[in-house]
Enquirer: 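Sharing a structure, written as structure tokens. Questions coming.
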Amino acid sequence: MDDFPPYHFRCPISMELMKDPVTISTGVTYERNNIEKWFFSYKKKTCPATMQSVENFDMIPNHTLKRLIVAWQTKEDAKKAICSTSSTPRPSNKHDEIQALLNTIVSSPFKVNPIKKLRSIIEIDDETQNDFIRSNGVEVLVQILEQILLESSDFTTFRACEEALCTLHQLPILEEGKTFKLLSKQESTRSMAIMLQRGSTEARLHTITIFKKMAKTQYDWSFVIQDQGTDFFKSLLELVSDEICSKASSCALEVLIEILTASKKNRLRAIEAGAVCVLIELLPDSNRSKCEKMLQVIKLLCECAEGRQALVEHGMGIVSISKQMLHVSNAATKIGVKIIWLICNFHPTERVLEEMLICGPVKKLLALLHMDGRSSTKDKVVKIFKMHGNSWKRYPCFPCNLKDYLGFVNDPR
């Protein structure tokens with residue numbers, strides 16, 4: 001969706017709009033597929049949002065939240081749910097023109113112009129898109145994609161591939177559909193990965209849009225990453241850094257979140273590609289939604305020792321995280337505290353603790369400590385001060401009004 005849904009409609013794992021929200025024993029609601037992956041595919045036994053241990057893995061459908069989400073959804077959601085229920089669907093009024101263009105594309109060495117015309121036709125409505133799919137249009141365009149893998153491919157072939165992607169990105173990509181099966185083939189994903197590195201600005205945008213749609217399915221990214229290595233992550237990070245096309249940047253972040261959630265090996269590849277440094281430097285100038293996604297990616301990377309090391313070694317790492325807390329949104333604050341908690345828990349060197357005190361995180365944590373009510377975020381703050389409050393209070397710059405509070409949080413009762 002082009003518009004970002006309200007925070008409470010988004011899954012804390014993927015930050016995407018929930019379609020099947022379920023609540024687990026900790027009281028937190030997730031998208032069913034994401035939390036099932038977390039528990040049963042990744043064998044986790046904690047709540048991703050609160051990091052509390054989970055013994056009861058029951059999931060209760062959140063019908064109230066689902067009704068609210070359905071009421072909010074836009075016309076684009078309906079478009080994604082396209083399915084053909086008729087056994088003999090009627091051809092669109094553009095059927096003959098679609099068929100003629102596909103025949104021309106197959107038979108002619110000059111493919112760019114007929115693909116452009118085809119693209120303009122299927123932009124019209126869902127009926128022409130479905131007619132295009134039934135006419136084996138996806139197969140024709142995927143064959144063009146795979147041509148750039150041949151040693152004999154030239155500039156004309158490359159341009160035809162770019163136009164094919166500009167057409168394919170308009171189609172709904174459902175896991176059980178023909179389009180997904182064809183685009184998820186190894187040859188297709190390798191071609192798109194190449195286009196992500198070498199394509200025009202428009203072609204790269206349309207490629208990352210396709211990858212975003214694929215990321216919302218159960219697609220296994222292991223082949224792409226094994227095939228492309230760190231170059232794939234460098235391509236994604238280049239798009240994240242794109243200051244002109246915010247849509248490409250946002251799509252790249254969403255793809256990163258899905259890939260990094262799936263595997264620790266993927267996180268190590270992203271760290272090797274310089275993801276932590278890139279994101280830290282982009283954070284200060286990012287808008288709310290982009291900042292939340294970046295922090296989510298950084299949090300995933302900091303779940304690895306190498307990610308935490310990269311963050312604390314970056315001159316602006318701790319400062320940048322601190323500045324987003326209590327400044328951008330509740331979601332950004334919550335994720336920021338998780339990152340600080342990971343650093344405090346697993347990388348609490350004397351230099352890092354001193355930097356936290358001097359550069360702002362401790363003051364932000366103190367402000368959160370004084371907020372009314374109890375939350376998982378506030379509980380993490382209390383744990384941080386229990387771990388390191390006595391170290392911080394030795395410094396002259398330690399807030400005086402916190403020294404008395406330390407007696408409370410350290411009270412074993």
Enquirer: Check the pair Thr128, Asp131 against side-chain hydrogen bond (donor to acceptor under 3.5 Å, both in side chains), reporting the backbone distance first and the verdict last.
Expert: CA-CA 5 Å; Thr128 56; Asp131 196 352; over 6 Å; no
Enquirer: Tell me the closest heavy-atom pair linking Leu237 and Gly274, and the distance in Å.
Expert: CD1-C, 4.2 Å
Enquirer: Do the side chains of Glu202 and Arg119 get close enough for a salt bridge, i.e. N-O under 4.0 angstrom?
Expert: yes
Enquirer: Scan residues 331-358 for pairs that pass ring-ring contact (aromatic ring centres under 6.0 Å, His included), counting only residues two or more places apart or in two chains.
Expert: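 Of all non-adjacent pairs touching residues 331-358, none passes ring-ring contact (aromatic ring centres under 6.0 Å, His included).
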Enquirer: Please report the shortest heavy-atom distance between Val54 and Ser25, naming the atom on each side.
Expert: CG1-OG, 3.8 Å
Enquirer: Evaluate the side-chain proximity of Leu165 to Ile210: yes if any heavy-atom separation is below 4.5 Å, no if none is.
Expert: yes
Enquirer: Identify the residue among Lys212, Lys216, Arg10 that makes a salt bridge (Lys or Arg N to Asp or Glu O under 4.0 Å) with Glu16.
Expert: Lys216
Enquirer: Are Lys178 and Glu139 within salt-bridge range, i.e. N to O under 4.0 Å?
Expert: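 Glu139 and Lys178: salt-bridged.
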Enquirer: Hey, are the side chains of Met325 and Pro361 touching, using non-hydrogen atoms and a 4.5 Å cut-off?
Expert: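 Counting from C-beta outward, Met325 and Pro361 never come under 4.5 Å.
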Enquirer: Between Ile321 and Leu295, is there a side-chain heavy-atom distance shorter than 4.5 Å?
Expert: yes
Enquirer: Quick one, Phe132 and Leu141 - any side-chain contact, counting heavy atoms below 4.5 Å?
Expert: yes
Enquirer: In the structure I gave you, are the side-chain heavy atoms of Ser241 and Leu282 within less than 4.5 Å of one another anywhere?
Expert: yes
Enquirer: Looking at Val28, Thr29, Ile35, Thr50, which one forms a side-chain contact (heavy atoms from CB on, under 4.5 Å) with Pro12?
Expert: Val28
Enquirer: Let's go through Glu162 and Arg159 carefully: what are the C-alpha distance in whole Å and the side-chain angles of both, what is the deciding distance for salt bridge (Lys or Arg N to Asp or Glu O under 4.0 Å) to 0.1 Å, and is it a yes or a no?
Expert: CA-CA 5 Å; Glu162 289 186 325; Arg159 281 288 300 116; 3.0 Å; yes
Enquirer: What I'd like to find out is whether the side chain of Gln228 reaches to under 4.5 Å of the side chain of Gln197, using heavy atoms alone.
Expert: yes
Enquirer: Do you know which of Ser250, Ser246, Ser249 makes side chain to side chain donor-acceptor pair (under 3.5 Å) with Lys290?
Expert: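 The passing option is Ser249.
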Enquirer: Does the side chain of Glu281 reach to within under 4.5 Å of the side chain of His314, using non-hydrogen atoms?
Expert: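 Of all side-chain heavy-atom pairs linking His314 with Glu281, at least one is under 4.5 Å.
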Enquirer: Is there any side chain to side chain donor-acceptor pair (under 3.5 Å) pair reaching into residues 329-338, and which pairs are they, with sequence neighbours excluded?
Expert: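 Qualifying pairs: Glu292-Ser329.
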Enquirer: Aromatic rings His206 and His169: how do their planes relate, parallel, tilted or perpendicular, breaks at 30° and 60°?
Expert: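 Ring orientation, 0 to 90° scale: parallel.
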Enquirer: Please give me the minimum heavy-atom distance between Ile13 and Pro48, naming the atom from each residue.
Expert: CD1-CG, 3.8 Å
Enquirer: Can you tell if the side chain of Ile339 reaches within under 4.5 Å of the side chain of Leu311, non-hydrogen atoms only?
Expert: yes
Enquirer: For Glu258, which residues count as a salt bridge (Lys or Arg N to Asp or Glu O under 4.0 Å) partner, sequence neighbours excluded?
Expert: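 So Glu258 forms a salt bridge (Lys or Arg N to Asp or Glu O under 4.0 Å) with Lys37.
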